[in-house]
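As structure tokens, the structure follows; a few thoughts come after it.
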There are 2 protein chains.
Amino acid sequence: MQITSRFTIAVHVITAIEYFKDMDRVNSEFLAGSVGVNPVIVRTVISKLREAGILKTQRGSSGAVLAKPLDQITFYDVYKAVDSVDKEEGLFHFHEQPNPNCPVGRNIHKAMDERLKEVQRSMENELKKITIADIAEDIRKEIRLESA
Amino acid sequence: MQITSRFTIAVHVITAIEYFKDMDRVNSEFLAGSVGVNPVIVRTVISKLREAGILKTQRGSSGAVLAKPLDQITFYDVYKAVDSVDKEEGLFHFHEQPNPNCPVGRNIHKAMDERLKEVQRSMENELKKITIADIAEDIRKEIRLESA
DNA sequence: AGCGGATGTCATGCCATATATTACAACTAT
DNA sequence: ATAGTTGTAATATATGGCATGACATCCGCT
């Protein structure tokens with residue numbers, strides 16, 4: 001199992017919006033072309049990002065605008081925004097019917113839950129350390145290398 | 001997206017095998033009853049655990065035997081054993097066709113890869129800190145509380 | 001040797017979810 | 001008003017997890 005590509009798509013989209021912000025017509029179709037997915041996917045991802053307050057859009061008129069500077073948008077923000085993992089259950093999917101008549105079955109959940117949450121927290125903390133600014137910078141570096 | 005319940009099933013199975021080791025007929029059917037899934041699922045999970053050297057089984061005769069003491073079986077071992085996440089791609093699923101003609105599209109992968117791997121590593125390190133012995137101990141505690 | 005009880009594994013079906021795609025109403029700017 | 005765009009619903013397809021039945025293989029025991 002893997003975390004949905006919606007996450008990497010979202011990072012890509014935000015980076016591209018910033019990178020091409022002075023260009024005409026950075027619309028969902030253009031972005032979809034860069035990402036390599038259907039424009040509707042881009043629009044739904046952008047919807048989620050808007051709901052999360054990461055960017056702003058306007059119906060009818062082309063182009064989204066970031067609501068925060070790049071270095072204040074962390075991977076965690078994006079990851080949460082696009083529902084990369086199930087909100088209720090968390091990162092780990094627990095088997096749903098351990099036998100309550102079995103001493104192990106009726107206690108396994110309690111024994112594992114807190115520890116799994118800790119693992120998840122640790123991963124999420126790592127995501128908080130990375131910002132889109134880091135990515136944008138790396139990409140500019142790579143582009144500079146290309147033309148060298 | 002979530003990590004397969006095969007993982008929590010595997011932890012449950014190992015714990016149960018140890019807990020009921022002195023009982024008769026701790027076979028896949030019995031374990032399936034405790035976990036609340038089909039016996040075939042238990043058998044495939046056990047197969048993976050055997051391949052990973054975590055336990056030993058014998059065709060025909062009932063019951064699996066752990067190959068290591070509980071405190072030497074980490075969550076990470078189990079997680080890797082049952083293929084909780086895709087081996088090749090890792091925890092994050094990258095969108096597959098970023099546009100090579102777009103400066104952002106052709107560099108986004110490079111810019112994100114190492115960082116995402118770092119996130120994954122950090123999660124896996126957390127998994128290494130937890131052993132089945134921790135779980136078994138917690139469960140025994142809970143059981144003691146029940147009868148108090 | 002033969003039998004009963006297991007395991008190991010395959011094949012199939014079902015269901016949930018991710019992504020693709022079409023369609024269209026709502027909206028903006030010119 | 002018109003062209004261009006967003007927001008979103010509806011539908012289709014593909015993939016993967018889990019359930020389930022079937023069965024060959026194997027072990028222990030009598």
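We use all heavy atoms of the structure for the numbers below, so side chains are in, but hydrogens, waters and symmetry mates are not. Every chain is numbered from 1 and lettered A, B, ... according to where its sequence line falls, protein lines coming before strand lines.
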Quickly work out the [X] [atom1] to [N] [atom2] distance and round it to whole Å.
{"X": "L49(B)", "N": "dG8(C)", "atom1": "CG", "atom2": "C1'", "result": "14 Å"}
{"X": "E29(A)", "N": "dA3(D)", "atom1": "CD", "atom2": "C1'", "result": "14 Å"}
{"X": "I9(A)", "N": "dT19(C)", "atom1": "CD1", "atom2": "P", "result": "6 Å"}
{"X": "I3(B)", "N": "dT17(C)", "atom1": "CD1", "atom2": "P", "result": "17 Å"}
{"X": "E96(B)", "N": "dA14(D)", "atom1": "CD", "atom2": "P", "result": "15 Å"}
{"X": "Q2(B)", "N": "dG16(D)", "atom1": "CD", "atom2": "P", "result": "17 Å"}
{"X": "K56(B)", "N": "dT7(C)", "atom1": "NZ", "atom2": "P", "result": "18 Å"}
{"X": "F30(A)", "N": "dG4(D)", "atom1": "CZ", "atom2": "P", "result": "18 Å"}

Would you say [X] reaches [N]'s phosphate, i.e. side-chain N/O to OP1/OP2 under 4.0 Å?
{"X": "S5(A)", "N": "dA18(C)", "result": "no"}
{"X": "T57(B)", "N": "dG8(C)", "result": "yes"}
{"X": "S28(B)", "N": "dT7(C)", "result": "yes"}
{"X": "S61(A)", "N": "dG4(D)", "result": "no"}
{"X": "R25(B)", "N": "dG5(C)", "result": "no"}
{"X": "N38(B)", "N": "dC18(D)", "result": "no"}

Which nucleotide in [options] has an atom nearest any side-chain atom of [X]:
{"X": "I46(A)", "options": "dG7(D), dT22(C), dG17(D)", "value": "dG7(D)"}
{"X": "H93(B)", "options": "dA6(C), dG7(D), dT19(C)", "value": "dT19(C)"}
{"X": "R50(A)", "options": "dG7(D), dA19(D), dA29(C)", "value": "dG7(D)"}
{"X": "I41(A)", "options": "dG17(D), dT21(C), dT20(D)", "value": "dT21(C)"}
{"X": "Q58(A)", "options": "dT28(C), dA18(C), dC27(C)", "value": "dT28(C)"}
{"X": "N27(B)", "options": "dT8(D), dA6(C), dT9(C)", "value": "dA6(C)"}
{"X": "R43(B)", "options": "dC18(D), dT5(D), dT7(C)", "value": "dT7(C)"}

Pair S62(B)-R25(B), side-chain donor/acceptor within less than 3.5 Å = no
Does [X] come within less than 4.0 Å of [Y], counting only side-chain N to carboxylate O?
{"X": "E126(A)", "Y": "R115(B)", "answer": "no"}
{"X": "E142(B)", "Y": "R106(A)", "answer": "no"}
{"X": "K21(B)", "Y": "E18(B)", "answer": "yes"}
{"X": "R121(A)", "Y": "E118(A)", "answer": "yes"}

key: K56(A) atom NZ: more than 12 heavy-atom contacts under 6.0 Å   =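 No, not enclosed.
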message = Let me spell it out: for each of T4(A) and R59(A), pick the nucleotide of DNA chain C with the closest heavy atom. Which residue's pick is nearer the 5' end?
response =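 By nearest-heavy-atom nucleotide position, the 5'-most residue is T4(A).
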